[in-house]
Structure formats: C-alpha cells, structure tokens
Amino acid sequence: MRISDINIRMIKNGGKLKATVSIVIDRCFAVHDMKIIEGSEKILLVMPSRQLEEGKFQDIVHPMDSKTRSMMERKILKIYQDMTGQQID
C-alpha cells in the first residue's frame with residue numbers, strides 16, 4: 001500500500017482539533033475526514049468515525065494492523081510537523 005497524496009487542512013481556533021486530513025491510497029482510493037487532534041500527551045491522528053445511538057464513536061475506516069497505522073501516522077504527522085514547525089514525538 002502506498003499513500004499517493006496527503007491533503008492537510010489546518011483548523012484555526014478549533015480547540016483540540018488541529019487539522020483535517022484526506023489521503024489517496026495507490027492513486028485509486030480516497031479517505032476523507034481523518035483528524036489531527038491534540039491529546040493529553042501528544043498529537044494524534046484519528047480515523048473518520050460516526051456517533052452511535054448510545055453516544056460512542058465507531059471508526060468508519062481504519063488500518064487493519066498496527067504496522068499500517070504506524071506508517072500512515074508517521075507520513076501524515078511528518079507533513080503536519082513540517083507545516084506547523086511543531087515537534088511531534
């Protein structure tokens with residue numbers, strides 16, 4: 001799997017929500033509405049989700065393994081870091 005395009009849209013005055021992200025995978029599959037949020041200890045990438053009737057959130061799309069999730073987070077958060085100058089660890 002190769003992420004062929006990453007589009008990050010910064011959110012001003014969004015509180016913990018810092019940006020929204022769209023990616024294209026292998027130039028043939030798009031994923032929109034990922035979010036970059038400020039967690040209690042670090043910046044996080046959150047997958048698109050919907051709110052269930054009982055108030056919980058469920059991912060609509062997500063990586064199937066931790067290796068893929070890590071690869072996506074590294075690539076996306078690196079671009080976010082370059083855009084903001086904010087150190088992400």
Side-chain angles (χ1 to χ4, degrees):
M1 179 189 94
R2 184 178 156 281
I3 298 176
S4 47
D5 188 41
I6 298 173
N7 182 9
I8 298 177
R9 292 167 306 284
M10 302 303 289
I11 305 292
K12 294 182 181 178
N13 302 321
K16 292 187 179 282
L17 177 62
K18 301 303 179 188
T20 59
V21 180
S22 296
I23 63 171
V24 177
I25 300 169
D26 293 331
R27 297 182 59 183
C28 63
F29 188 81
V31 179
H32 302 286
D33 295 326
M34 288 187 275
K35 295 172 181 67
I36 296 175
I37 62 169
E38 183 179 345
S40 59
E41 297 182 18
K42 64 180 185 173
I43 299 292
L44 304 167
L45 178 67
V46 179
M47 294 296 123
S49 62
R50 63 181 169 160
Q51 190 169 16
L52 303 176
E53 289 180 13
E54 58 272 6
K56 294 181 181 179
F57 286 88
Q58 179 180 35
D59 287 350
I60 296 170
V61 297
H62 57 86
M64 294 302 292
D65 57 55
S66 60
K67 180 180 175 185
T68 303
R69 178 178 288 275
S70 292
M71 181 272 297
M72 289 175 65
E73 286 177 342
R74 275 193 317 275
K75 287 184 179 227
I76 292 167
L77 293 179
K78 170 72 170 105
I79 292 171
Y80 176 79
Q81 178 177 311
D82 291 347
M83 290 174 72
T84 64
Q86 182 176 359
Q87 184 63 34
I88 299 173
D89 290 324

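From a predicted model like this one, the values you see are computed outputs, not experimental measurements.
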Who pairs with [X] by side chain to side chain donor-acceptor pair (under 3.5 Å), at least two apart in sequence or on another chain?
X     : result
Lys18 : Glu38
His62 : none
Gln58 : Arg50

Atom [atom1] of [X] and atom [atom2] of [Y]: how far apart are they, to the nearest 0.5 Å?
X     : Y     : atom1 : atom2 : answer
Arg74 : Gln81 : CZ    : CD    : 13.5 Å
Thr20 : Ile36 : OG1   : CD1   : 8.5 Å
Ser66 : Glu73 : OG    : CD    : 10.0 Å
Ile43 : Thr84 : CD1   : OG1   : 7.5 Å

Partners meeting side-chain contact (heavy atoms from CB on, under 4.5 Å) with [X] (sequence neighbours left out):
X     : value
Ile6  : Ile3, Ile8, Val21, Ile23, Lys75, Ile76, Ile79
Asp65 : Lys67, Thr68
Gln51 : Phe57

key: Close side-chain approach of Met47 and Met34, heavy atoms under 4.5 Å   = yes

inquiry  = Would you say Leu45 ends up clustered with Tyr80 if hydrophobic residues are merged whenever their side chains have heavy atoms under 4.5 Å apart, either directly or through other cluster members?
reply    = yes

request  = Following the transitive rule for hydrophobic clusters with a side-chain heavy-atom cut-off under 4.5 Å over Ile, Leu, Val, Met, Phe, Trp and Tyr, establish whether Val24 and Leu77 coincide in one cluster.
outcome  = no

note = Quick note, side-chain hydrogen bond (donor to acceptor under 3.5 Å, both in side chains) partners involving residues 24-37, not counting sequence neighbours, are Ser22-His32

message = Using a 4.5 Å cut-off between side-chain heavy atoms of Ile, Leu, Val, Met, Phe, Trp and Tyr, which other residues end up in the same hydrophobic cluster as Val46?
response = Ile11, Leu17, Ile37, Leu44

ask   = So with a 6.0 Å cut-off around CE of Met64, is the heavy-atom count from everything else above 12?
value = no

ask   = Does atom CD of Glu54 have more than 12 heavy-atom neighbours from other groups under 6.0 Å away?
value = yes

query = Quick one: salt bridge (charged side-chain N to carboxylate O under 4.0 Å, His left out) partners of Lys78, sequence neighbours excluded?
reply = Asp82

